[in-house]
Amino acid sequence: MKPAFYVTTPIYYVNDVPHIGHAYTTLAADVLARYKRLKGFDVFFLTGTDEHGQKVEKAAYAAGETPLELADRVMKRFQALWEKLEISNNDFIRTTQERHKKGVTELFERVMEKGDIYLGEYEDWYCTPCETFWTETQLIDFKCPDCNRPTEKLKEESYFFRMSKYQEQLLAHIEANPEFIQPKSRRNEIIAFVKEGLRDLSVSRTTFQWGIPVPGNDKHVVYVWFDALTNYITALGYPDEAGNFGKYWPCDVHLIGKDILRFHTVYWPTFLMAAGLPIPKRVFAHGWWTVEGQKMSKSLQNVVEPNMLIDKYGVDAVRYFLLREVPFGLDGDFSHQALIHRINSDLANDLGNLLNRSTAMLGKYFGGVLQAPGEETELDKNYREKTVALLEQVEKHIEDLAFSRTLQAIWEVISAGNKYIDETAPWTLAKDPAQKERLGTVMYYMLESQRIVYLLLSAFMPKTAEKGLGYLGWTQVDDAALAWGGLKPGSSIAKAEALFPRIEEKAE
Ligand code: ME8
């Protein structure tokens with residue numbers, strides 16, 4: 001039986017259209033999912049859309065639509081983008097689906113039956129765009145501390161979740177499980193927050209309609225975060241333990257942006273504790289993308305639209321750039337210039353050139369037929385060992401979600417390949433008939449190393465990997481294929497076209 005692995009992205013709000021920030025998280029989850037599948041895991045990769053709440057309701061009425069019409073329209077844009085970005089999600093959850101509503105109702109009821117949800121009254125400062133209540137001391141000049149927009153004082157009857165009851169249990173859990181919240185700096189932030197004391201949390205609203213009714217009192221709808229977070233289990237069929245829920249829960253990793261860390265590491269685990277359910281193993285909050293030094297926003301009209309990027313540069317260049325440019329966990333800045341630079345130097349020069357050069361040489365010297373490797377020299381041995389060592393490095397870096405470091409490690413082997421060609425100088429060997437076997441050995445090492453490189457790249461750049469492996473005549477993509485020595489002498493290898501044409505910077 002294959003071991004199970006469950007990875008999620010946030011479910012994105014349908015009152016906004018997808019941009020590179022959304023693409024970033026989804027892409028990271030995709031790379032992880034693809035890598036784990038390559039390594040023999042039974043992966044469940046979930047993404048979806050968050051369709052309830054006041055923001056969606058307002059946006060819909062402003063656009064002259066019903067909330068569901070708006071959701072139907074915008075969720076399709078997310079789905080179309082994920083297809084275009086080669087995202088390999090196993091499911092797509094919408095919070096307006098019956099399966100979700102049923103699960104949220106069930107969870108709410110269970111926590112209520114336990115006595116951890118009670119009816120009370122709320123009076124506090126409310127930020128409508130963030131759908132968050134704040135105490136007066138948390139406000140900055142009476143503005144929302146998260147988004148700096150004005151707040152209003154609201155009083156409403158509300159159901160409360162006894163979050164305060166779980167403060168010590170949560171703290172103990174965070175302290176006993178260092179990998180639960182990552183990166184470390186974020187973990188410290190949350191520990192400090194929890195230590196300040198948890199208040200009971202308002203988990204229902206009466207000020208708008210667009211949501212899941214509170215069981216037994218449909219004057220109230222369930223608070224968006226209680227509704228949204230529960231997607232991670234309703235998509236697995238919760239409360240039915242028999243199927244996917246029993247198989248994949250608790251989640252291996254929730255990938256999120258740093259903006260929604262508190263919801264995932266304070267609210268969500270305490271809801272689960274109250275319901276007597278296991279806590280996700282890990283929550284990783286990545287950093288924030290800005291664009292040419294500025295915050296992305298509709299009003300600045302600088303939102304980077306992934307569809308446009310893909311049309312212009314190709315899907316794999318975009319996938320590569322986003323994960324290579326910035327260490328996962330740190331903030332990053334997007335610029336076309338940086339993207340073009342990566343395409344030209346890493347993809348066209350290093351990666352593409354190596355395949356192009358080596359397959360062309362095999363064509364020229366051996367009519368494209370792979371030779372059996374002869375005696376291994378020190379140079380060959382170093383190159384082989386470097387390639388084989390890459391497998392462990394990649395395993396470790398991916399485990400740490402260090403995507404940029406993973407790619408860096410892969411590129412060190414690609415550079416080693418280009419250096420190996422320079423040092424072995426096949427064009428010189430080719431002039432001496434006595435060196436024919438040596439030349440065949442060099443060709444074998446060059447191409448075999450690249451076969452392993454392309455297999456590893458299949459998680460990051462699926463189309464490019466397929467092409468690269470296609471030239472090498474290789475089709476098997478699994479853990480066993482990663483062992484050195486896969487290419488069979490006597491097999492035919494085609495001359496590779498340029499995988500990534502260079503882009504003229506001036507034209508941009
Ligand atoms: O928060 N840089 O949805 P959302 C990096 N529905 N990542 C970014 C980004 C940026 N500039 N902008 C957005 C919600 N993201 C809730 C989530 S989950 C149960 C409910 C990414 O549409 C990042 O992953 O506002 C962030 O956490 C998410 O989009 C927020 O998406």
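Counting convention: from 1, in listed order, for ligands and their atoms alike. Throughout, numbering of the chain's residues begins at 1 and tracks the sequence.
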Which protein N or O atoms sit under 3.5 Å from any N or O of ligand 1? Give each pair with its distance.
{"from": "ligand 1", "atom 1": "2 (N)", "to": "Trp289", "atom 2": "N", "distance (Å)": "2.9"}
{"from": "ligand 1", "atom 1": "6 (N)", "to": "Ile11", "atom 2": "O", "distance (Å)": "2.8"}
{"from": "ligand 1", "atom 1": "6 (N)", "to": "Asp50", "atom 2": "OD2", "distance (Å)": "2.7"}
{"from": "ligand 1", "atom 1": "7 (N)", "to": "Gly21", "atom 2": "O", "distance (Å)": "3.4"}
{"from": "ligand 1", "atom 1": "11 (N)", "to": "Trp288", "atom 2": "NE1", "distance (Å)": "3.3"}
{"from": "ligand 1", "atom 1": "11 (N)", "to": "Trp289", "atom 2": "O", "distance (Å)": "3.2"}
{"from": "ligand 1", "atom 1": "22 (O)", "to": "Tyr13", "atom 2": "N", "distance (Å)": "2.9"}
{"from": "ligand 1", "atom 1": "24 (O)", "to": "Thr25", "atom 2": "OG1", "distance (Å)": "2.6"}
{"from": "ligand 1", "atom 1": "24 (O)", "to": "Gly257", "atom 2": "N", "distance (Å)": "3.2"}
{"from": "ligand 1", "atom 1": "27 (O)", "to": "Gly257", "atom 2": "N", "distance (Å)": "2.9"}
{"from": "ligand 1", "atom 1": "27 (O)", "to": "Asp259", "atom 2": "OD1", "distance (Å)": "2.8"}

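- The nearest pair of heavy atoms linking Ile11 to Asp50 is O-CB, 3.5 Å.
- Between Phe321 and Ser335 the shortest heavy-atom distance is CZ-O, 4.3 Å.
- Geometrically, Lys247 does not engage Phe44 in a cation-pi contact defined by less than 6.0 Å to the ring centre and at most 45° from the axis.
- Closest approach of Thr25 and Pro10 over heavy atoms only: CG2-CD, 3.6 Å.
- Each of Trp268, Tyr232, Tyr6 was evaluated against His254; a single residue qualifies, Trp268, per the side chain to side chain donor-acceptor pair (under 3.5 Å) test.
- Aromatic ring centroids of Tyr24 and Phe328 lie under 6.0 Å apart.
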